[in-house]
Amino acid sequence: MRHSFIVTLAAACAALTALPAFGDDAVPSAERGHVVAVVSGCHDCHSAGYPESGGILDPATALAGSGVGFRGPWGTTYPSNLRLVAAERDEAGFVKHLSTLKTLPPMPYFNLHAMPETDIRSLFLYIRSLGEPGEPAPAYVPPGEEPTTPYIVFAPPTMPAG
Ligand code: HEC
C-alpha cells in the first residue's frame, strides 16, 4: 500500500519534471508567428499605422518598420524594418540575432531574450511570408541633433525642482 503510494508519487514527480518549457512543444509555423507578433507587441511599433487603426494589419506595412521616431535622452530611434532583418539572415542567424540583441530604447530587446526558440523560428517564418522587404527605416539620430521626420517624445518631462 505504502510502497505503491511512493511509486505513484515518484511517477507523478517524473511527469512534472518532464513537462516541456513554455512554448517548446509547439512546431514552428507562420501562423504561430502571426500570433506571437500580435501578442508580444511587435506590430505596435514595427508596423506603421497599426496602433492608430485599432489593430488592423495592413499587408503592405506589416513589420516593414516605421518612419515615426522615438525621441528621448538616447537620441531618436526608428522601429526597424523586420522584413529586412529576416531577409538578411537564415533561420539560425535570425534566432541568434533576436536572442542576443541589444538596442537603444524603447525596443524591449530584453523581452526577446525570454522568447522560446520555437516562437522566434515561427516569427521568422511569418515575417518571410509577408512579401517584399522594402526600404530600411530612417537612420538613428544622435542626441542633440534635430530629426527630419515626425517623432514621439518618449521621455518623462523634467519636473520642477522642489
Ligand atoms: C515600443 C516599441 C517597440 C516594440 C514594442 C518592439 N520594438 Fe523592436 N525596435 C524598436 C525600435 C525603436 C528599434 C530600433 C532600436 C535602435 O535603433 O537601437 C527596434 C529594433 C528592433 C530590432 C533590431 C533590428 C536590427 O536592425 O537588427 C529587432 C530585431 C526588433 N526590434 C524586433 C522586435 C520584435 C520581434 C518585437 C516584438 C516582440 C519588437 N521588436 C517590439 C521598437 C519596438
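The figures here come from the full heavy-atom set of this structure, side chains too, leaving out hydrogens, waters and symmetry mates. In each ligand, atom 1 is the first atom listed, and ligand 1 is the first ligand listed.
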Problem set entry | Geometric class of the Tyr126/His34 ring pair [parallel <30°, tilted 30-60°, perpendicular >60°] | parallel

For this session: Check the surroundings of atom CD in Glu52: do more than 12 heavy atoms from other residues, nucleotides or ligands lie under 6.0 Å from it?
Result: yes

Exercise. Out of Glu31, Met115, Arg121, which one pairs with Val36 under the side-chain contact (heavy atoms from CB on, under 4.5 Å) rule?
Worked result: Met115

For this session: Could you pull out every protein residue that has a heavy atom closer than 4.0 Å to ligand 1, ordered by chain and then number?
Result: Ser40, Gly41, Cys42, Cys45, His46, Thr77, Tyr78, Pro79, Ser80, Leu82, Val85, His97, Leu98, Leu101, Thr103, Leu104, Pro106, Met107, Pro108, Leu112, Leu123

Problem set entry | Connected via hydrophobic side-chain network under 4.5 Å: Leu84 and Val68 | no

For this session: For residues 94-114, pull every pair meeting side chain to side chain donor-acceptor pair (under 3.5 Å), keeping only residues two or more places apart or in separate chains.
Result: none

Exercise. Quick one: do Phe70 and Tyr50 end up in the same hydrophobic cluster if we chain Ile, Leu, Val, Met, Phe, Trp and Tyr together by side-chain heavy atoms under 4.5 Å apart?
Worked result: no

